[in-house]
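Okay, structure first, notes after.
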Amino acid sequence: MENLLERLARLPCGRCLLKAAAGHDPAYLVGGAVRDLLLGREPRELDVVVEGDVGPLALELGVVEAVHERFGTATVRSPGGCRFDLASARAESYARPGALPDVRAATIDEDLLRRDVTVNALALDLRSGELRAVEHAREDLAAGRLRVLHDASFADDPTRLWRIARYMARLGFDLEQHTAELAAAAVAEGALETVSGTRIGNELRLALSEPDPVAALEAAAHLKLAPWLAVDRERTAAAIELLAGEGRADLVVLAASLQPHLAPGLLERLGFGAADRALLAACARAPRLAAAMAAAQRPSQLARVLRAVAPEAVALAGADGAEDAARRWLRDLRHVALEIGGDDLVAAGIAPGPEIGERLASALDLRLDGELAAGRDAELAAALQPAATAGEPGAGTA
């Protein structure tokens, strides 16, 4: 058997966990962390189940940042910056489909039975190194297969449908045939409608945080979890490339994958805040923005179109046919600025008022169009030209 404790000990946070767990109630690394160790991958998170009270181990590990007494869970941050999610071993039951579970204390083997899929129903004893697994877990892991633990899984917790979409994308695993049939039946019977919009939105946001969020959305669309998705990998990739690591790539991925006409209030029901909804709305106007960008003949004209537009929307418009204009704006033009300001014009005798802004805008147009050298003296001279001259098309304000 693979020596999983040695693999865990090679991780800085793993060493911290093993040291802390040595003198406490039986504690187990569980779920995706064990799965990833078996696959030779580095775990994304370290989740721990304790047969007993999580409090002593939590205090041994570090600072307790959050506690959820109903579920016997705690989130801990160690002095070295490691994050651990701890939970008391528990069994769950559901009063009705889509409800949050009722819990009771249980053994580790009972705890594994509440997991979403077999390849996550794994537990590594942090003292002995013994590996516990539900039936089919090891064979499913070797076969690259996702299988739910029981037929009522999706009815009990329909958000598991979104989770298996994420696992399909992240792991490259396929659905076991019966699980695929159960998923299709749950979607057809409206299982997701029993869950609040915010919980669905939380699952969507987790999908957007995946290493390949487009694949996660493609899997969700394949499972018919979201009729409002129309995933376009090529368009998304072009927009992300133009954004070049700036801004909200997650919202660009979502915006590129949404149907053009959304049901009113959908994003709000999914729990997106006002700022995120505004950005997604701006991104939805990308096709029209692309047309306006293409019509701009001079850099100053492009600046007028884009100056108040979020970079995410510009990048998506670039993916919609205005790539050169988007690249030029995002890389260069939007960073062009004057060294002078309104106070300089007032000091030079221009009365405060709208004319100040107009003169500064006229000088900036000249800079953008390459008709004015950089430097305070040249900018001030241009801004102090008589208004009629500064406003002529040849001066860069067309």
Side-chain angles (χ1 to χ4, degrees), residues 204-205 207-218 221 228-262 267 272-339 357 360-374 393 395-398:
L204 171 60
R205 285 179 278 277
L208 293 172
S209 70
E210 286 289 318
D212 187 347
V214 180
L217 296 187
E218 287 174 334
W228 28 268
L229 283 178
V231 185
D232 186 332
R233 178 172 285 274
E234 185 176 344
R235 183 184 186 222
T236 305
I240 293 298
E241 190 276 329
L242 285 168
L243 199 57
E246 183 181 353
R248 293 288 302 277
D250 59 332
L251 293 185
V252 171
V253 171
L254 179 57
S257 302
L258 291 173
Q259 293 278 8
H261 303 290
L262 296 179
L267 294 173
F272 286 91
D276 287 355
R277 296 199 305 272
L279 182 54
L280 289 166
C283 289
R285 296 190 286 271
R288 282 181 289 167
L289 182 63
M293 291 163 64
Q297 297 181 2
R298 301 169 66 89
S300 58
Q301 293 172 327
L302 185 64
R304 289 198 199 97
V305 172
L306 298 180
R307 190 162 283 130
V309 179
E312 294 88 346
V314 176
L316 203 51
D320 287 337
E323 179 181 352
D324 290 344
R327 192 180 304 279
R328 189 176 185 191
W329 173 255
L330 292 171
R331 301 290 189 274
D332 301 313
L333 295 179
R334 70 182 170 129
H335 302 298
V336 175
L338 297 177
E339 295 183 27
L360 290 173
S362 194
L364 181 57
D365 283 348
L366 292 171
R367 283 275 288 114
L368 288 165
D369 291 336
E371 298 175 7
L372 176 63
T397 59

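On a predicted model such as this, the values are computed, not experimentally measured, just so you know.
With respect to R304 and D365, a salt bridge is recorded, a charged nitrogen being found less than 4.0 Å from a carboxylate O.
A284 meets the side chain to side chain contact (heavy atoms under 4.5 Å, CB included) test with no other residue; sequence neighbours excluded. Under the rule for a side chain to side chain contact (heavy atoms under 4.5 Å, CB included), the partners of A310 that lie at least two apart in sequence or sit in another chain are L279, E312. Remark: D332 engages no residue in a salt bridge (charged side-chain N to carboxylate O under 4.0 Å, His left out) (not counting sequence neighbours). With sequence neighbours excluded, the residues forming a side chain to side chain contact (heavy atoms under 4.5 Å, CB included) with R277 are L267, E268, F272, A274, listed by chain and number. Listed by chain and number, the residues in a side chain to side chain donor-acceptor pair (under 3.5 Å) with D232 amount to none (sequence neighbours excluded).
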*Test log, rule side chain to side chain contact (heavy atoms under 4.5 Å, CB included), inputs M293 and V309*: CA-CA 12 Å; M293 291 163 64; V309 179; over 6 Å; no

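The residue from V214, V252, L316 that alone fulfils the side chain to side chain contact (heavy atoms under 4.5 Å, CB included) condition with R235 is L316.
For H335, the NE2 atom counts as densely surrounded, since its 6.0 Å shell holds more than 12 non-hydrogen atoms of other residues, nucleotides or ligands. Remark: R288 CZ is loosely packed, at most 12 non-hydrogen atoms of other residues, nucleotides or ligands lying under 6.0 Å away.
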Without placing hydrogens or testing angles, list every side-chain donor-acceptor pair under 3.5 Å for residues 239-251, not counting sequence neighbours.
residue : atom : partner : partner atom : Å
E241    : OE1  : R327    : NH1          : 3.4
E241    : OE1  : R327    : NH2          : 3.1
E241    : OE2  : R327    : NH1          : 3.2
E246    : OE1  : R334    : NH2          : 2.4
E246    : OE2  : R334    : NH1          : 3.2
E246    : OE2  : R334    : NH2          : 3.2
R248    : NE   : D250    : OD1          : 2.9
R248    : NH1  : D276    : OD1          : 3.1
R248    : NH2  : D250    : OD2          : 2.9

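Note that the CG atom of L368 and the CD atom of Q301 stand 11.0 Å from one another [nearest 0.5 Å]. Separating the CD atom in E339 from the CZ atom in R367 is a distance of 7.5 Å, to the nearest 0.5 Å. Distance check, rounded to the nearest 0.5 Å: CG of L204 to CG of L254 gives 5.5 Å.
In terms of heavy atoms, A313 sits closest to A286 at O-CB, 4.2 Å. Smallest separation of non-hydrogen atoms from V314 and A326: O-CB, 3.7 Å. Across every non-hydrogen atom of A322 and A290, the tightest pair is CB-O, 3.9 Å.
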